[in-house]
2 protein chains.
Amino acid sequence: MPWDTARTRERLLEAGSRQFAATGFAGTSVADIGRDSGVNKERLYAYFGSKREFFDHVLAYRLDGLLDDLDVPGTGPEAVGAWAGLLWDRYVADPDIARLLAWEGLELDGPAAAAHRTSACAEVTRRLQDVLPTADEQAARHLLLSVITLVTGAWTLSGLAALVTPADDRNDRRAATVRHAVVLARAVQTP
Amino acid sequence: MPWDTARTRERLLEAGSRQFAATGFAGTSVADIGRDSGVNKERLYAYFGSKREFFDHVLAYRLDGLLDDLDVPGTGPEAVGAWAGLLWDRYVADPDIARLLAWEGLELDGPAAAAHRTSACAEVTRRLQDVLPTADEQAARHLLLSVITLVTGAWTLSGLAALVTPADDRNDRRAATVRHAVVLARAVQTP
DNA sequence: CTAGGGTCCAACCGATCAGTTGGTATATGG
DNA sequence: CCATATACCAACTGATCGGTTGGACCCTAG
């Protein structure tokens, strides 16, 4: 049976993603990751140096590229709403991503893989300006930040929804979030 | 020297608030709380039972009542923006609150002290309907949830702001958040 | 074929974890 | 003034933490 070191690395990163998303950096033990991955934890130190460096690798592995293949479909404010819906559905398909974003914000000083992610955000900002021709860059950036915050917050500040909208389910909130994204986009378009 | 058990309890809760806000439930040790409070950690078990129960007490101690003395000043959509600014300024005065909200969402299944906080949110919802007469309850609830999410997210998803609006500071984002709250309120008022 | 380096793992290390215990100091009821 | 209950703390316990080590196994260069 031949070795597949790339696969071993990947199994560690996948298990790390699951465990860190569930219980955060401090709440996850290296032994947990070894158990979940089926890989001896010593490999983690050989490949990634330390638990902390491994955390950075996991965040980069899962968060870098999050926005890259997320297109803004169509034009006008409705396209921004649709984009918010796409981001929401990505979290539905993989809820770990939203939680990793939240742990990153709480447990780290700054974002991981900042260089590429910053330019990816700038890219989406430009697309928003295409879609909303009268929007200046500053306004488009804050629009983007608010939309990402609304969508991500629905997954990471989940207790708030239970308090404020106790009768509603996820889909109700999805619809409201898309609607709010459209409203914010419309306001940017016509100042 | 007489005893002051209420004060001892309070010192534990204050230290727990600081420590849990900084590093979360899993990232805080009971010894940290003992050190920070100047109280022997055995007292924590005597008063609160376990680390986990103590965490619930700390969350209730700091989060219950958060919205109680936060008035919606004036009328119309601008009042909602002003309310968002008041909430923001409360986080400025005490950033621990925003972080505790985030840890609660990530590390707990549901909100602490749910009963009173739910009714406090319903209260604010009613105030929003006073201020925006044409808003139905459902819309007012989602407006409130979005505003709280935007303000709280600015403190807990702080890495996002560094990526999306790297040139801006806190006050720029405060202004944008207030503006967005007004826009959302205006849309609710005139559907 | 074999020497040497990389892959992998069980077992181990000191430190730290949540939680407890035994004992002392302080209050209070009679 | 004494008995008892409570507040308090230093020191302890077994378990688990992040990280390391010694050696077995596998692959490739010469």
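A, B, ... follow the sequence lines: proteins, then strands. Residue 1 opens every chain.
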Whole angstroms only, please: what is the [atom1]-[atom2] distance between [X] and [N]?
| X | N | atom1 | atom2 | result |
| --- | --- | --- | --- | --- |
| E42(B) | dG22(C) | CD | P | 13 Å |
| K41(A) | dC12(C) | NZ | C1' | 10 Å |
| D32(B) | dC17(D) | CG | C1' | 14 Å |
| F25(B) | dA18(C) | CZ | C1' | 9 Å |
| R35(A) | dT16(D) | CZ | C1' | 10 Å |
| Y45(B) | dA18(C) | OH | P | 6 Å |
| N40(B) | dT24(C) | CG | P | 16 Å |
| L12(B) | dC8(D) | CG | P | 9 Å |

Review point. Would you say Y47(A) reaches dC8(C)'s phosphate, i.e. side-chain N/O to OP1/OP2 under 4.0 Å?
Key: yes

Check your understanding: For dG19(C), does either OP1 or OP2 sit under 4.0 Å from a side-chain N or O belonging to S50(B)?
Key ->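 Checking dG19(C) against S50(B), no side-chain N or O comes under 4.0 Å of OP1 or OP2.
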
Point to revise | Polar side-chain contact K51(A)-dG19(D) base: donor and acceptor under 3.5 Å | key: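 No, the side chain and the base share no sub-3.5 Å donor-acceptor pair.
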
Point to revise | 5' precedence on DNA chain D between R43(B) and S29(A) (nearest-nucleotide basis) | key: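 By nearest-heavy-atom nucleotide position, the 5'-most residue is R43(B).
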
Practice item. State, to 0.1 Å, how close W103(B) and A22(B) come at their nearest heavy-atom pair, and which atoms those are. Key: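 Reported closest heavy-atom pair: CZ2-O, 4.0 Å.
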
Review point. Is a side-chain donor-acceptor pair under 3.5 Å present for Q129(B) with D136(B)?
Key: no

Practice item. Answer yes if the side chains of R99(A) and T152(A) hold a donor-acceptor pair under 3.5 Å, and no otherwise. Key: no

Practice item. Find out whether E10(A) and R7(A) are in side-chain contact, i.e. whether some heavy atom of one side chain is under 4.5 Å from a heavy atom of the other. Key: yes

